[in-house]
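Working notes, beginning with the structure itself.
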Amino acid sequence: MMPTRTLPPTPGYLTSAVRVFELSLSEMLWSRRTIFMALIVGAPVVIALILRMAVSLGLPIFENDIRGGGTAVRMTGPAIFGLMIWVFYLRFTVPVLGVFYGTSLMADEVEDKTITYLFARPIPRGAVLLGKYLAYLACTILVVLPSVVLVYLLVVPMRGSLGASFIDLLKDLALLSLGLAVYGAVFAFVGAKFKRPLLVGLVFIFGWEQAALAFPGYMRQFTVAYYLQGLVPHAMPRDGVINLLQGIFRDTPGFGGLFWLALIWAVFLALGVYVVERREYVLEQ
Amino acid sequence: MNKNTRYFMAGSGAILAAGLATGLFAYYGGGFAALSASTGPTELSYVPSDAAVIAYADVGAIMNSELRQRIKQVLPTQEGQEEFHRETGIDIERDIQYVVAAVTPGSTHSALLVARGNFNPTQLETLAVQHGGTAELYRDKRLVSRAAQPEGQGSGTLAFLEPGLIAIGDTATIKRAIDAQLSATSVTSNDEIMTLVAQIERTHNAWAVGRFDVLTSQANLPEQVLRQIPPVKWFAAAGHINGGVSGMVRVEATDDEAAELLRRQVNGAMAFGEMMSRSDPRAAAMLKSLDVSGTGKSVQLSFTVPAELLQMVLPAGAVPVEQP
């Protein structure tokens, strides 16, 4: 008589998510998408390095010669660092990584037709998205934050003080992590719900958010950038017409923004999990 | 999780930890002298720790700035300045490197001015004695004091603190300044004020920081005026003068709500100003250079007035017109 083998108990929601996280992290980190991420977070570091070398060689790049005849305004390392946080990280890297990684969490599995194997496992479907989301967060945070720290170490000491800018660095790191978490949650939902999530995501960050922030009124409250940019400890750059308009109509939600960011994060992550739990994914043959 | 992923995570974490440890060390220890020298001028060690306002001006840099040179071309010869030079031997244009000023709270605000430069102590002391001053030695520092005058003028003291360093103030304040330096109880031990100084002093050649609430509470202002003053705790103002002028005014409100209100008021005032200045390109350009920022309790108004704009604002003769 054959001995009966009892099936192992189904892992809990969190255990399942952690297993998917472990499985997905390496897969996400060593994918082609990481080359793109390395390029966009590596660019500020390279620029900072070039700036540092140029200043070491005595080139007058921090002297902003407005008159054409003499020096009028002196730039400083902390001011340049603040500018780089705005231009490179907050306005570009964070939303773009959110779109590219967030939308692909489920869409890649559908596209590669591997979602069936994941769903065949005895784990809750929602835990798949949650685990992949955690892997996205770990992957992006571990790449973006060291890049910011390197830029800080390279740029701030030029006519500035590492100590005096340290609190701003902590705020920046927390803010960028928060941005990655919130954008990731929004686009994880978009990836789970829509058919062409990347297009929807790009339209959202480069179309909707930019337009809503450039005009007065309440529309800006339906963007993530409004709440995120209100918490930045650096002065907003005013280069270009769009940025000028955004600067003119800028009002800061302050720390109330933290509540709204937390709400957006929770709502969209929950919606994403809900959609994955309910949706019937039909794989194209 | 494979081995490469673990290596990557360890490397990334190590960069992050090293950067944060470096920043933390610099923040608390004031270390990395090559990267970040000590906060503020060393003369702050003469400012008592309870100072309500401290200010600094790099007189040498400001006097040599292009802006000053242009203004000098149009201003008439300043006789007072020349007379001061004749009597004291101090040429304000050349002999004063920088000054540190402080106001300490009390029943009467006590002001202290510490100046670094090239001074002739003998000439200054002789002049002070000729004007009724009496010389004394206090803790090995030479003081020349004039007693309070019956017509209401307070006492005044000139102190020779170090070679090339003098201080002016009333006698009690000067003695407190010397005590503060010798007992290491100066404003440099006041973390709140020094944090503000550290944030602005490197990038500006004139600055002032202080307790706004202390000043207003002792200013004997009418109740109606006091009610209109926003609840601000700290203020910091700084400027950099060369060909153009750039600067900032930062205030720390008592709470987030007060700061938000202040930001709105400033933004509103700027918007109103922009609306009113449409017909005046100079005023419009000036307003465009303003930028309001800050989060939480902090509100900052920064501005940059480039040299071209000053050319428009200053009288025609102030700017040499380039011949084609």
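Because the structure is a prediction, the values reported are computed rather than measured. Order of the sequence lines sets the chain letters (A, B, ...), proteins ahead of strands, with each chain counted from 1.
Among all heavy-atom pairs drawn from B:G19 and A:L153, the shortest one is CA-CD1, 4.0 Å. Closest approach of A:F166 to B:L20, counting heavy atoms only: CE1-O, 3.4 Å.
The CG atom of A:L145 lies 11.5 Å from the CD1 atom of B:I15; values are rounded to the nearest 0.5 Å. Taking CG of A:L170 as the reference point, atom CG of B:L24 lies at 8.0 Å (rounded to 0.5 Å). For the atom pair CE (B:M9) and CG (A:L25), the distance works out to 5.5 Å, reported to the nearest 0.5 Å. For the atom pair OG1 of B:T5 and CD of A:E22, the computed distance is 11.0 Å after rounding to the nearest 0.5 Å.
Contacts between A:L150 and chain B at a heavy-atom distance below 4.5 Å involve the side chain alone, from C-beta outward. In this structure, chain B has a heavy atom under 4.5 Å from the side chain of A:L173, while its backbone stays farther away.
Shown here is B:R264, whose CZ atom has no more than 12 heavy atoms of other residues, nucleotides or ligands within 6.0 Å. Heavy-atom neighbours of A:L14 CG from other residues, nucleotides or ligands within 6.0 Å: at or below the threshold of 12. For CZ of A:R33, the number of neighbouring non-hydrogen atoms (other residues, nucleotides, ligands) closer than 6.0 Å is greater than 12.
With contacts defined as side-chain heavy-atom distances shorter than 4.5 Å, the pair A:V143/B:F8 qualifies.
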